[in-house]
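Before any comments, here is the structure.
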Amino acid sequence: MPMDKNTASSPLLHLQRQQLLLRMEYEYEKEEFKRQTETMGVGRKVKRGLCWFPASTGRTYYNSLNQLVIEVMRSEDTDIEHHFEFGRPVCFFHQTADGSLHYYPFTATVSYADEARMVVVMPGGDAVMQVQQAERLGVQLYFDETSYRTMFEALSDVSQAKGKRLAELRDILLGPVKAGFRELYPVRFPWLNTTQEQAVNRVLCARDVAIVHGPPGTGKTTTLVEAIYETLHREPQVLVCAQSNMAVDWIAEKLVDRGVNVLRIGNPVRVNDKMLSFTYERRFEAHPLYTELWSLRKELRQLGSQGRRGSYSERESLRNRMSRLRDRATALEVTINADLLEGAHVIASTLISSNHRLLSGRRFGTLFIDEAAQALEAACWVAIRKADRVVLAGDHCQLPPTIQCYEAARGGLDRTLMEQVVASKPSCVSLLEVQYRMNEAIMHFSGEWFYQGRLKSAPEVQYRSILDWDTPIVWVDTSEREFREEFVGESYGRINRDEAHLLLEQLTAYIERIGSHRILDERIDFGIISPYKAQVQYLRSCIKQSAALRPYRDLLTVNTVDGFQGQERDVIFISLVRANDEGQIGFLGDLRRMNVAITRARMKLVILGDAATLGRHPFYRKLQTYIKSGMSLETTDETDAD
């Protein structure tokens with residue numbers, strides 16, 4: 001379903017199409033969840049991080065927000081990454097004697113989760129009792145109806161907006177209306193480079209929209225933090241959002257380091273005392289009035305348990321007392337919330353959580369959206385409804401939004417708001433051009449292919465390497481070894497065990513070249529990346545069994561490309577997996593994913609892949625030629641670039 005010109009030029013038609021495509025994704029994901037629930041074995045759900053089984057329950061209590069919660073722990077497979085996080089709905093089940101699964105008729109919501117424990121908000125005492133009494137208990141992610149409902153509501157609000165700021169932003173971001181800029185005397189930032197300084201000043205001058213385009217290693221977060229900090233000299237409060245909780249944590253932590261008062265709506269993924277200290281829940285508990293509120297709530301629960309006992313006059317007296325206590329508790333809660341919200345310089349949340357009841361009716365002069373190139377357009381509009389202007393930061397040449405429905409993605413759901421504004425409003429875009437992460441040879445190919453050769457390496461990283469006379473990029477061609485990929489489980493991915501073993505041999509040999517003492521003394525870190533989850537799991541299990549790699553386990557990270565977004569390591573090994581006679585490369589054809597993979601390394605990049613299979617695609621063919629020719633693009637065929 002290609003986008004026609006009329007749709008592209010009309011914001012209202014475009015939004016109608018977004019609703020249609022989002023509906024397709026919604027129906028597909030809902031049907032997929034139903035199919036998985038009915039047909040997928042519990043073991044596969046566990047391996048894919050969708051389920052904890054067996055699970056056990058811990059204590060039950062009322063949290064600071066007066067919600068009834070229960071602790072849930074998993075006892076097995078704690079090394080498997082899971083997808084449970086704040087705000088996600090879950091359902092409980094137990095396994096019967098014949099092995100079948102019985103689901104309980106209620107849903108709950110995750111309030112907090114780490115590797116092996118989560119806290120779940122329960123709908124009531126009966127639900128808690130059912131879960132506590134269950135044998136062979138399990139918990140799995142439930143279809144997230146609320147997020148979709150929030151996005152549909154946002155698209156509807158934007159479509160219907162008339163005569164207000166939201167309508168103006170809609171016509172600027174999606175239509176032909178030009179974005180406005182005010183004239184301001186440039187602010188100097190000696191600690192930033194020229195393009196970073198220009199980007200911050202562009203943000204300050206923007207009346208409607210500004211974009212900070214940050215390729216890998218160019219200091220996007222540093223620039224964005226500076227832009228937020230400077231904006232707070234002009235505005236009392238800003239809203240800072242991102243698609244994922246992890247991205248919100250990252251930017252929030254950097255702002256806290258600058259002394260900014262951040263109020264985090266929703267619980268952090270990276271849990272430590274520093275992160276927890278600026279969450280809404282912790283701030284709520286720390287408020288001077290909270291002790292009185294807690295006492296009132298406790299008394300209300302005790303009085304409520306007395307039920308209908310006593311005479312009519314006694315019951316009437318009890319009702320009156322409870323009514324007075326509720327009024328006082330409500331007044332205290334309103335006061336605490338007002339103090340927390342008014343006192344914060346930055347409200348930080350995911351895009352969907354910006355719809356939280358706490359922020360109802362609240363407006364912000366500026367909204368900053370980090371990792372905007374990974375966010376669905378509809379999710380961006382959820383937050384934009386609350387703002388007078390918007391700043392988008394990210395890199396549309398890296399990972400796109402995750403979309404399950406192929407037809408919806410092909411129809412344009414994967415084209416983000418940031419991409420559209422970059423294409424239609426180039427005057428709003430500031431490209432950060434100096435990167436501080438990679439050896440020049442590692443950066444150069446990506447810089448030419450994705451960023452029109454505009455990236456430069458900072459002098460301090462341009463030639464850095466771990467070993468003298470080392471080759472910064474190596475392609476280990478497996479085509480002569482007759483390795484073959486295998487398909488393991490529907491939508492779970494592919495695996496190439498021989499390639500995994502070769503990768504670990506190469507890794508072990510490189511570690512021996514560097515030397516154990518030096519690696520441990522200097523804390524040289526290694527990343528192993530594969531686009532396929534099955535390969536990642538297999539590599540992790542092999543590393544667990546490897547005696548040679550045991551001393552370095554805390555310096556080794558194995559993950560998918562998506563899991564490495566925003567991260568970097570001294571040394572990166574990539575297993576591309578695909579090896580077949582047909583030249584099929586699947587989603588390796590999404591080059592944005594490969595841009596992320598090959599730009600994680602600071603000093604050494606080793607790629608393992610079947611050149612015969614991958615070389616049929618122009619990107620991989622050119623990459624192989626670049627590496628073989630000694631990292632010079634001058635000898636490659638320029639017509640290969642798409």
Find out whether [X] and [Y] are in side-chain contact, i.e. whether some heavy atom of one side chain is under 4.5 Å from a heavy atom of the other.
X	Y	result
Leu184	Asn201	no
Phe573	Ile607	no
Gln567	Ile572	no
Leu351	Ile369	yes
Gln398	Arg592	no
Tyr626	Glu448	no
Val346	Leu232	yes
Thr350	Phe86	no

Strictly distance-based, threshold 3.5 Å: is any side-chain N or O of [X] a donor or acceptor partner for the main-chain N or O of [Y]?
X	Y	answer
Thr195	Glu433	yes
Arg578	Thr613	no
Glu235	Thr366	yes
Glu499	Val577	yes
Thr471	Ile473	no
Thr223	Gly219	yes
Asp477	Ala611	yes
Arg389	Ala206	yes
Asn439	Met603	no
Gln196	Thr218	yes

Output the distance between atom [atom1] ([X]) and atom [atom2] ([Y]), rounded to the nearest 0.5 Å.
X	Y	atom1	atom2	result
Asp395	Ile211	CG	CD1	11.5 Å
Asp570	Asp525	CG	CG	4.5 Å
Met443	Gln435	CE	CD	5.5 Å
Lys533	Asn559	NZ	CG	10.0 Å
Glu226	Leu204	CD	CG	9.5 Å
Asn496	Asp610	CG	CG	8.5 Å

Taking NZ, NE, NH1 and NH2 as the nitrogens, is one of them in [X] or [Y] under 4.0 Å from a carboxylate oxygen of the other?
X	Y	result
Glu568	Arg602	yes
Asp470	Lys604	yes
Glu371	Lys220	yes

Looking at every heavy atom in both [X] and [Y], which two are closest together, and how far apart are they?
X	Y	value
Ser349	Val248	O-CG2, 3.4 Å
Phe278	Val262	CB-O, 3.2 Å
Thr416	Ala372	CB-O, 4.1 Å
Leu467	Ile514	CD2-CA, 4.1 Å
Met418	Ala393	SD-C, 4.2 Å
Ala548	Thr508	CB-CG2, 4.1 Å

Derivation of the salt bridge (Lys or Arg N to Asp or Glu O under 4.0 Å) call for Lys254 and Asp370: CA-CA 13 Å; Lys254 297 300 177 186; Asp370 195 14; over 6 Å; no

From CA spacing to verdict: side chain to side chain contact (heavy atoms under 4.5 Å, CB included), Thr557, Ile528: CA-CA 6 Å; Thr557 307; Ile528 302 173; over 6 Å; no

Counting neighbours of [atom1] on [X] that are heavy atoms of other residues, nucleotides or ligands and sit closer than 6.0 Å, is the number greater than 12?
X	atom1	answer
His233	NE2	yes
Glu482	CD	no
Arg182	CZ	yes

Whether Tyr451 and His213 hold their rings parallel, tilted or perpendicular, with breakpoints at 30° and 60°: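 Answer is tilted, since the angle falls between 30° and 60°.
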
Derivation and outcome, side chain to side chain contact (heavy atoms under 4.5 Å, CB included), residues Arg569 and Leu605: CA-CA 10 Å; Arg569 296 291 186 275; Leu605 174 63; over 6 Å; no

Criterion side-chain contact (heavy atoms from CB on, under 4.5 Å) against Tyr552, the qualifying member of Ile543, Leu520, Ile524: Leu520

Using the benzene-type ring in the case of Trp, are the ring centres of [X] and [Y] under 6.0 Å apart?
X	Y	result
Phe445	Phe619	yes
Phe587	Tyr532	yes
Tyr229	His345	no

Verdict with supporting geometry, Asn245 and Arg264, side chain to side chain contact (heavy atoms under 4.5 Å, CB included): CA-CA 10 Å; Asn245 277 297; Arg264 171 77 158 92; 2.9 Å; yes

Thr231/Phe368 under side chain to side chain contact (heavy atoms under 4.5 Å, CB included): CA gap, chis, key distance, verdict: CA-CA 10 Å; Thr231 300; Phe368 292 86; 3.5 Å; yes

Salt bridge (Lys or Arg N to Asp or Glu O under 4.0 Å) assessment of Arg593 paired with Asp562: CA-CA 8 Å; Arg593 183 164 264 102; Asp562 300 57; 3.3 Å; yes

Geometric cation-pi criterion Arg497 and Tyr538, 6.0 Å radius, 45° cone: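 That pair qualifies as a cation-pi contact.
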
